[in-house]
Amino acid sequence: MIRVGYPAQNLTLPATTNRTLRLAGLEDAEKVRALVWENLLGLETIIRWNAERGLRLFRIGQGLIPFASHPAFPYDWAREHGDDLRELGGLARTLGVRLSMHPAQFINPGSPNPQTAERSLEELRYASRVFDLLGSEDAVVVLHLGGAYDDRPAAVSRFVEALRPEPEILRYLALENDERIWTVAEILQASGPLGIPAIVDNLHHRLNPGGLTLGEALDLALPTWEARGSRPKIHLSSQDPKKRPGAHAYSIEPDDWETVVGALDGRETDVMVEAKGKELAALGVAAGQERRTVASEP
DNA sequence: TTGGGTCAAGGAGTC
DNA sequence: GACTCCTTGACCCAA
């Protein structure tokens with residue numbers, strides 16, 4: 001069975017988890033509290049909406065608690081929002097919605113710049129703490145390997161050594177291939193020693209296959225989830241024909257969906273639909289899955 | 001109320 | 001060296 005979901009935003013609902021503020025705005029702690037509360041309320045609304053429609057995955061925007069990892073954050077967010085997060089996590093578990101996060105391109109724990117590396121770890125600790133409070137054991141923090149810095153083995157080594165002493169982060173972390181620098185086979189060189197799983201993104205893989213078919217890439221990546229004991233996760237998107245290679249289309253092309261389903265070959269997987277159409281694209285994929293299931297029933 | 005400029009952060013590619 | 005792109009736009013200010 002394939003479960004689907006979407007990232008960060010719901011275009012249908014007047015609810016968001018992404019309300020933010022400028023750095024200078026952190027001085028007003030009350031304003032920050034109110035804004036975080038709105039984001040948490042938005043998350044509850046989205047979780048319920050998703051569950052009612054059979055969408056079992058949701059990627060929370062990184063700014064759920066904006067600037068939480070910044071030294072200027074004005075209060076102990078884990079203490080003040082802990083009860084709300086625990087409640088939300090309980091709701092997500094009850095309704096069967098799996099949560100994730102995807103820190104942005106600035107998060108590079110393998111950077112040769114020590115300040116950049118440490119700031120990156122702080123951000124990853126924030127994401128992990130959110131999932132600790134939510135109590136989401138199957139949650140995933142998705143990250144790219146970052147820069148290659150003209151020395152790929154050294155970059156992989158720095159990444160591994162930076163994260164090895166961080167069990168709280170590794171509990172949720174998964175590594176994703178990207179469309180320019182790191183292939184699926186290469187991210188396994190970092191995820192393997194860290195004992196964390198790998199995520200295959202179909203569009204990134206098409207642009208940066210490293211000599212592997214999609215099926216071969218999945219053969220490598222899907223077993224990496226066994227040690228964690230949670231369902232494997234992959235990313236699905238289609239190319240926007242009018243934009244640069246790698247740009248996400250509004251929806252998923254049936255051919256892409258069929259190719260991924262074929263390569264999965266019946267393996268249990270969670271599919272994050274990365275499309276500009278967000279939940280609408282995910283619902284389209286879910287409907288296709290439904291039709292497939294019905295058609296294959298005896 | 002609206003439109004445009006701006007916003008924490010890194011790295012790679014292009015010109 | 002400047003600019004652009006990545007992403008999830010959202011905020012803020014001037015008009």
Side-chain angles (χ1 to χ4, degrees), chain A residues 5-28 31-32 34-36 38-39 42-43 45-46 50 57-74 99-127 130 141-152 154-156 158-159 162 176-183 186 201 203-204 207-208 235 237 239-240 242-250 272-282:
Chain A
Y6 61 97
Q9 195 184 13
N10 182 302
L11 305 177
T12 307
L13 287 169
T16 177
T17 63
N18 303 320
R19 286 214 59 204
T20 187
L21 73 172
R22 299 288 164 87
L23 184 55
L26 281 185
E27 291 172 7
D28 186 345
K31 184 176 171 181
V32 179
L35 192 142
V36 170
E38 276 190 65
N39 281 346
L43 180 56
T45 306
I46 290 171
N50 288 354
L57 316 177
F58 181 66
R59 182 191 299 164
I60 305 170
Q62 201 58 22
L64 182 72
I65 301 170
F67 299 102
S69 69
H70 196 284
F73 194 84
L99 300 170
S100 61
M101 277 194 186
H102 192 350
Q105 65 272 28
F106 308 105
I107 305 310
N108 288 295
S111 171
N113 180 333
Q115 284 84 33
T116 301
E118 183 52 36
R119 276 199 301 270
S120 299
L121 289 175
E122 282 297 333
E123 182 69 8
L124 292 171
R125 290 177 191 128
Y126 147 68
V130 166
V141 175
V142 185
L143 191 66
H144 292 293
L145 198 37
Y149 313 96
D150 290 328
D151 186 344
R152 304 170 80 82
V156 169
R158 267 197 314 276
F159 186 93
E176 180 193 354
N177 62 315
D178 63 77
E179 79 270 34
R180 287 189 304 176
I181 307 171
W182 302 102
T183 66
E186 287 169 325
D201 180 300
L203 183 54
H204 294 166
L207 295 165
N208 189 19
H235 291 175
S237 60
Q239 174 66 47
D240 184 325
K242 293 179 182 164
K243 295 189 179 163
R244 54 154 194 97
H248 292 159
Y250 188 83
M272 178 61 71
V273 176
E274 295 188 323
K276 296 294 183 192
K278 304 300 175 192
E279 79 282 2
L280 305 173

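Each chain gets a letter, A, B and so on, in the order the sequences are listed, and its residues count up from 1.
The pairing partner recorded for C/dC6 is B/dG10, the criterion being a Watson-Crick or G-U wobble arrangement whose two distances lie under 3.5 angstrom.
Applying the 5.5 angstrom centroid cut-off and the 30 degree plane-angle cut-off, the aromatic ring of A/Phe106 is stacked upon the base of B/dA9.
The side chain of A/Ser111 lies closest to B/dG11 when the candidates are B/dG11, C/dG9, B/dA8. The side chain of A/Arg180 lies closest to B/dA12, out of B/dA12, C/dT8, B/dA8. In this structure, the nucleotide among B/dG10, C/dC6, B/dA8 sitting nearest to the side chain of A/His70 is B/dA8. Closest approach to the A/Ala148 side chain among C/dA10, C/dC5, B/dA12 is made by B/dA12 (side chain taken as heavy atoms from C-beta onward).
For C/dC12 and B/dA8, the P atoms lie 10 Å apart once the distance is rounded to whole Å. Between the P atoms of C/dC3 and B/dG5, the separation comes to 15 Å (whole Å). Taking atom P in both C/dT8 and B/dG3, the straight-line distance is 25 Å, to the nearest Å.
Checked for salt-bridge contact, A/Arg119 and A/Glu122 miss the test: no charged N lies under 4.0 Å from a carboxylate O.
Side-chain N/O atoms of A/Arg19 include one lying less than 4.0 angstrom from OP1 or OP2 on C/dC11. Contact annotation: A/Lys31 side-chain N/O to C/dC12 OP1/OP2 distance is under 4.0 Å. For A/Thr20 and C/dA10, the shortest distance from a side-chain N or O to OP1 or OP2 is not below 4.0 Å. Phosphate contact (OP1/OP2 of C/dC6, side-chain N/O of A/Arg244, threshold under 4.0 Å): present.
Here A/Tyr149 lies in heavy-atom contact (under 4.0 Å) with sugar-phosphate atoms only. Counting any heavy atom pair closer than 4.0 Å across all strands shown, A/Arg22 reaches a base atom. Backbone-only contact: A/Gln9 has heavy atoms under 4.0 Å from sugar-phosphate atoms and none from a base.
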